[in-house]
Each structure stands twice: as C-alpha cells, then as structure tokens.
Amino acid sequence: MNIPLLSPSRRLRRTPFSDGVEAAGVKAYTVYNHMLLPTMFRSVEEDYRHLKEAVQIWDVSCERQVELRGPDAGRLMQMLTPRDLRGMTAGQCYYVPIVDETGGMLNDPVAVKLAEDRWWISIADSDLLYWVNAIAHGWRLDVLVDEPDVSPLAIQGPKADDLMARVFGEGVRDIRFFRFDVMDFQGRDMVIARSGYSKQGGFEIYVEGGDIGMPLWNALMEAGRDLDVHAGCPNLIERVESGLLSYGNDMTDDNTPHECGLGRFCNTQSAIGCIGRDALLRVAKEGPVQQIRPIAIDGPPVPGCDRYWPLKANGKVVGRISSAAWSPDFDTNVAIGMVRMTHWDEGTELEVEAPDQARRAVVHETFWN
Ligand code: THG
C-alpha cells in the first residue's frame, strides 16, 4: 500500500530531539499539539516487546507545558479541574481532568506543581493554552500564562531506573510515583518525575531549553548501550492493554470525566472554584449513561482504528470502539470502547463493525495489566 508522507513545514513543529529520533530510524510520525510525535521505530510489535523487556527513550516534546506563574496560579489551576488540589504539595504531579462549563473534557494533562506560584500543565492534544489564557484574563487573575521552552523526554521500561541512575546518579531511584526531583545534567537543572505514558515504569525529564536536548539524548543513548536502550515512543498496543486514554481519540469535549472512567480523579464537591463544578455535580449525582470499557475483539489482528467502529447488540448501536490493537501477550485484539449502560456489564457480548469484517466483542471488567 502507498504510505503518504507528512510534508514538513514551520507549522508542524520539530522538537529538540528530532535529529536523534531520525538518526535512530523513526518510521512513522503523528502530529500532536502541532508537533512531531514518533509512533513507530522498528515495528509497533517489535517496539512493544522491547518496551516491556528493556528501556526506551521517548521524544514526547509534544506534551507541551502550559505554565502558570504568579500569585493566582494555584487559584487558576483549581478553576480548571474538578480534582481537589488542596492536598497537593510542590514536588507532586497529578493527573487532572480539565473541563469546560458543561463538564466536557477539554484535556487530560499531568499537572506539575513546581511551587505555590508556579505550575506546569503537561497537556494532551488540544489547544488548552487559549482556554487557560482566556480564563486568566476574563477573571483578571494575577498570573502569567505561556508555553515555555520545555520538552519532556520519557525513559520507559523495566531498565529505566538503571539507565537513569547512570546519567543522574543513584538518587533518581528514590523518586516516588508521580513525584519529581530536580537533578543536574551538565550544569542544568532538570525536573525529573516518575511518570510516563506506559505501565512499564520509568521517568519523564522536563528538558528546559532546546539546546540541551541532543546532549541529553546522546548521553542517555551512550550510557544505556549494554542495556539495549533504543529510541521508542508511546506504543499503541501497550497503551490500549493498559487502558491509558488518548484525548481526541477515546474522548472529546462531548464526554464528562465520569464517562471516561476518570471519576476517581474528580472531587467535585470539594473542588471549589472549578468552572464545570455545577454541571459535574449534576452528572455525578445521576451517574453517566455511557462509560469507557476495555473490550476484547475476536478474530485476526484488527486494522488501525482511525474512526469510530460501531458496537451493536441485536443490530442496534450501543457504543463504539475508539482504539484497538492486536495484543501478542494476551492473544486477542484489545480495545477501548464507549458503551451504553444497558450493555456495559462484564462479559456482555456485542458485535463490532470493524472496517474489514464484523466481529464478536466482549466487555471486560479491567484492562490487561
Ligand atoms: N506525561 C506527561 N504529559 C502528558 C502525558 C504523560 N501529556 C499528554 C498525555 N500524557 C496526557 N494523558 C495522560 C493519561 C494518563 C496518564 C498521564 C497522562 C497516566 N495515568 C496513570 C493511570 O491512569 O493509571 C496514572 C494516574 C495516577 O495514578 O495519577 O499516567 O504521560 N508529562
């Protein structure tokens, strides 16, 4: 089949690591926050196997930061999310749904609390900067909002601790899940968090200043030679197995956090000031009428899911698949679907209209990890 190219242009932003990514043989890119995001190096299945066995360096620069700086930074942050931030201290990261006034999801970023008056919102693929800036101005808040020159580099896989210790020292091993520490690389401060878009463990380095990008990339590659370090990227198979949601694919502003299974990250009662609070208090009381579910799909490996695949029961549409992949480890197709409450119980058998053929699908209780 003919694979079209992505035409380079100034609008499609390169990253501080793009030269390294291309030298490592990137085979496919997607566009995320108007920036290049690698999606495949050797093959999606080879990348998957290697991610689960070794360690990879991921250029996730496209996880752009919205920085809040000033006396009202904390107040603004709480206006954006129904997650109660009062217990959050500097040095912590929180996965936070961001909602509009109707309770619709605008983004599902990681919030990084650098100090009481300084935050990074590490965003998924939507132009959140406009929303945040508009609220800051509309409410006349004393806060600066901008996108700084910060590019996350993720180190993921079971050998991530060993690799990171070689470059940053043994102290990195002590960083706890969703916490960060500031460590030195060639005289530069780097925020290093134990987090990342896989369930294989690892870190994210928030690289400040594009100029230090390639020196860091090269140092990690050299230090990890005997660990079989390789360039990698968020892996479709691993993320669907793990149930990590993809904004714009698995949910949009048409969905509430509760529909997305993110109710555990909402404390709508106590999130005083949250812009979608009233709307969410209503939907939280009623409960969602559809929700994201893990779905197993029978048959041979599914093609790529670049549109919703209808989920049917007795010929009637009761949901849709938004992400799917063949899982070598679980010997089935794994998928993320949105399913109506009448059909979301574990074990419910459905029919999915995949583009190649209709297949049997089964609703699962938990994801595959
Ligand atoms: N790291 C950083 N920025 C990001 C992502 C990231 N921005 C874009 C995108 N990923 C945002 N989406 C997610 C989705 C899931 C998680 C993080 C960001 C995640 N979830 C875990 C889970 O659901 O099990 C842990 C959540 C928790 O326990 O707090 O990690 O990956 N910097």
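Both counts, for ligands and for their atoms, begin at 1 and track the order of listing.
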Could you go through ligand 1 and list every pair where one of its N or O atoms sits under 3.5 Å from a protein N or O, giving the atom names and the distance to one decimal?
from, atom 1, to, atom 2, distance (Å)
ligand 1, 1 (N), Glu63, OE1, 3.4
ligand 1, 1 (N), Glu204, OE1, 3.1
ligand 1, 1 (N), Glu204, OE2, 2.8
ligand 1, 3 (N), Glu63, OE1, 3.3
ligand 1, 3 (N), Ser122, O, 3.4
ligand 1, 3 (N), Ser122, OG, 2.7
ligand 1, 7 (N), Ser122, O, 3.0
ligand 1, 7 (N), Ile123, O, 3.3
ligand 1, 12 (N), Asp108, O, 3.1
ligand 1, 12 (N), Asp108, OD2, 3.4
ligand 1, 24 (O), Lys199, NZ, 2.8
ligand 1, 31 (O), Tyr197, N, 3.4
ligand 1, 32 (N), Ser122, OG, 3.0
ligand 1, 32 (N), Glu204, OE1, 3.1
ligand 1, 32 (N), Glu204, OE2, 3.4
ligand 1, 32 (N), Tyr206, OH, 2.9

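- Considering only residues two or more places apart in sequence or on other chains, Phe203 meets the ring pair (Phe, Tyr, Trp, His ring centres under 6.0 Å) condition with none of them.
- Aromatic ring pairs are classed by plane angle as parallel below 30°, tilted from 30° to 60° and perpendicular above 60°; the pair Phe330 and Trp368 is tilted.
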If you look only at distance, which donor and acceptor atoms sit under 3.5 Å apart when one is on a side chain in residues 284-297 and the other is two or more places apart or in another chain?
from, atom 1, to, atom 2, distance (Å)
Gln290, NE2, Glu259, OE2, 3.4
Gln291, OE1, Arg293, NH1, 3.0
Gln291, OE1, Arg293, NH2, 3.4
Gln291, NE2, His258, O, 2.9
Arg293, NE, Trp344, O, 3.0

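- Between Arg360 and Glu349, at least one side-chain N (NZ, or NE/NH1/NH2) sits under 4.0 Å from a carboxylate O, which counts as a salt bridge.
- Applying the side-chain hydrogen bond (donor to acceptor under 3.5 Å, both in side chains) test to every pair with at least one member in residues 151-165, sequence neighbours left out, gives these pairs: Arg64-Ser151, Gln156-Ser198, Asp161-Arg194, Asp162-Arg173.
- Salt-bridge annotation for Arg14 and Glu22: present, with a side-chain N of the basic residue lying under 4.0 Å from a carboxylate O of the acidic one.
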